[in-house]
Amino acid sequence: MHSTHLLLEEPIRMASILEPSKPNFFPAMTKIVGTLGPRSRSVAVISGCLKAGMSVARFDFSWGDPDYHQETLENLKMAVKSTKKLCAVMLDTVGPELQVVNKSEKSISLEENAFVVLTPDQTQEASSKLLPINFGGLAKAVTKGDTIFMGQYLFTGSETTSVWLEVAEVKGQDVSCVVKNSATLSGSLFTLHVSQIRIDLPTLSDADKDVISKWGVRNSIDFLSLSYTRHAEDVRHAREFLSKLGDLSQTHIFAKIENIEGLTHFDEILQEADGIILSRGNLGIDLPPEKVFLFQKAAVYKCNMAGKPAVVTRVVDSMTDNLRPTRAEATDVANAVLDGSDAILLGAETLRGLYPVETISIVGKICAEAEKVFNQDLYFKKTVKYVGEPMTHLESIASSAVRAAIKVKASVIIVFTSSGRAARLIAKYRPTMPVLSVVIPRLKTNQLKWSFTGAFEARQSLVVRGLFPMLADPRHPAESTSATNESVLKVALDHGKVSGVIKPHDRVVICQKVGDASVVKIIELED
Ligand SMILES: Nc1ncnc2c1ncn2[C@@H]1O[C@H](COP(=O)(O)OP(=O)(O)O)[C@@H](O)[C@H]1O
Ligand SMILES: C=C(OP(=O)(O)O)C(=O)O
Ligand SMILES: [K+]
Ligand SMILES: [Mg+2]
């Protein structure tokens, strides 16, 4: 895979496009986040998802109760055990999401040019004339002429189940709208998106806090996906909340940028968050279509330079019902990789789609092809220039490790890390080969009991492009003497050999500390 120095900017032989790609020990360096739900909650399907390359499972609390998600999570644990594939857990909040309250779950037909009233009075039955919603402030937030988009949960935008409304009149707390296209609302959950308005609801709702402090704590969630992050303050607030919940002080916060407000405050949000989710589903409605790509390129670039993971959503909507993506979708996935994304997040496709495993597999294959033509050389130079001089020691070690690995055509980089920082810094320079990040546990105490760190750090790297974590045996002392370094390295090399990423006579670049000094070593294997 790494021997082909094919770059998009260089002439490509047409015939080479037809050459089948060699199978790899892992589907792609780009990671796949799969949303688990009705179509992806049995042990068998989740196992298929893991084998196809899903490394983060997203549990979306916009729908379903904690018990339902717990059952799915128990199945995920079984699937992880049987497939021996690691998987991180992401809890996605509801946040200030506007929803239609359709208690009877009867389907509702809306006719073009007819009127429908949105009301905060949740005691009313939903009908084609009246739709109760979960928010009392809509009448204050909209004016005549505004557009409201309403769709089945994780609407694809192309379905006959989503509808455009235009605000005709505001009457007290009610909002009367003209239906712009005929549609039938069916299913249990419909979300509303009102373009470019400020929704006066907290980013972390009381219901979210309740779920996090119970379900989240019980399951030691690796990631909190903070829906509709609009300000850096939202992230700080969530961080403070997590800090009081024991192990969740280690949970990483991924800010979801889903509207113009979040876009406007992107730089400050990026500083506070551990990673960013480019929620193109909602943001794609808030922005004029011709501007969506520009946000993506600018936001991913900023994440890359900050060395924080960027996750792109809503890539292959049409695979919810089909075995093959559209050409536009397939090209879009590749472009997300070329732009520098770390991971692709699948929503409807895995949650309620007919082909969750096939979708993961196809997206992985597209990512792998795009990675091969990613202009690493240019990217590397841009990053070094951006970081400037003097570099911190660790940044200089990390970039040197990547450069050395490319120069000697190493098959893998092995990095020792405890906090995960060293591994993330290596990934920042986008090596063309996988990075085995060997997480060395440290003994810690909360003054009640002693335990080892490492599990969070290992799983949290499962969202970063190119990182493949391995948790070292806690019986190895976390001091970097050459004897312990040697024995941990041997385990890592054996792990690499068994998984097929390291072969006899390969070169391997190692980044570790010996005594007080950080070193980059190049070794050549004999067998
Ligand atoms: N337990 C360890 N044994 C050997 N080297 C280590 C260990 N932990 C970290 N290193 C190395 O030390 C250097 C920097 O350390 P540090 O910033 O503390 O790493 P991290 O924060 O990732 O744990 C890196 O070269 C890293 O690979
Ligand atoms: C992933 C998205 O949001 P949700 O959590 O509502 O699916 C999105 O808007 O792209
Ligand atoms: K959500
Ligand atoms: Mg969204």
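Just so you know, ligand 1 is whichever comes first in the structure, and atom 1 is the first atom listed for that ligand.
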* Structure fact -> Taking the Mg ion (ligand 4) as the apex, OD1 on Asn282 and OE1 on Glu258 give an angle, to 10°, of 90°

* Looking at Thr417, which atoms of ligand 1 are within less than 4.0 Å of one of its heavy atoms? -> 9 (C), 20 (P), 22 (O), 23 (O)

* If you measure from the Lys or Arg side-chain nitrogens to the Asp or Glu carboxylate oxygens, is any gap between Lys497 and Asp506 under 4.0 Å? -> no

* Identity of the nearest option to atom 11 (C) of ligand 1, non-hydrogen atoms only, from Lys513, His393, Glu457, Arg424 -> Lys513

* Exercise: identify the closest heavy-atom pair between Asn134 and Val101 -> N-CG2, 4.0 Å

* To do: Using distance alone, decide if ligand 1 has a nitrogen or oxygen within less than 3.5 Å of any nitrogen or oxygen in Val415.
  => no

* Asked: By number and element, which atoms of ligand 1 are closer than 4.0 Å to a non-hydrogen atom of Gly420?
  -> 22 (O)

* Ser279 side chain to Asn282 side chain, donor-acceptor N/O pair below 3.5 angstrom -> no

* Pair Glu329-Ser318, side-chain donor/acceptor within less than 3.5 Å -> yes

* To do: May I ask you to check whether Ser62 brings an N, O or S atom to under 3.4 Å from the K ion (ligand 3)?
  => yes

* To do: Look at Asp92 and state whether any of its N, O or S atoms is less than 3.4 Å from the K ion (ligand 3).
  => yes

* Around atom CZ of Phe452, are there more than 12 heavy atoms of other residues, nucleotides or ligands at under 6.0 Å? -> yes

* To do: On the 0 to 90° scale, with breaks at 30° and 60°, tag the Trp215-His69 ring pair as parallel, tilted or perpendicular.
  => perpendicular

* Asked: With the K ion (ligand 3) as the point of reference, which N/O/S atom of Asp60 is the closest?
  -> OD1

* Indicate whether any N or O donor in one side chain lies under 3.5 Å from an N or O acceptor in the other, for Asp92 and Ser227. => yes

* Does the N or O separation between Leu394 and ligand 1 drop below 3.5 Å for any pair? -> no

* If you measure from atom 1 (N) of ligand 1 to every heavy atom of Ile397, Ile440, Ile414, which option wins on shortest distance? -> Ile440

* Are Arg58 and Ser225 linked by a side-chain donor-acceptor pair shorter than 3.5 Å? -> no

* Might you point out which heavy atoms bring Phe254 and Ile276 nearest each other, and give the distance in Å? => CD2-N, 3.9 Å

* Asked: Which atoms of ligand 1 have any heavy atom of Asn485 under 4.0 Å away?
  -> 3 (N), 4 (C)

* To do: Using a strict 4.0 Å cut-off to heavy atoms of Cys511, name the atoms of ligand 1 that fall inside it.
  => 25 (O), 27 (O)

* To do: Run the numbers for me: atoms of ligand 1, each under 4.0 Å from some heavy atom of Arg421, listed by number.
  => 16 (P), 17 (O), 21 (O), 22 (O)

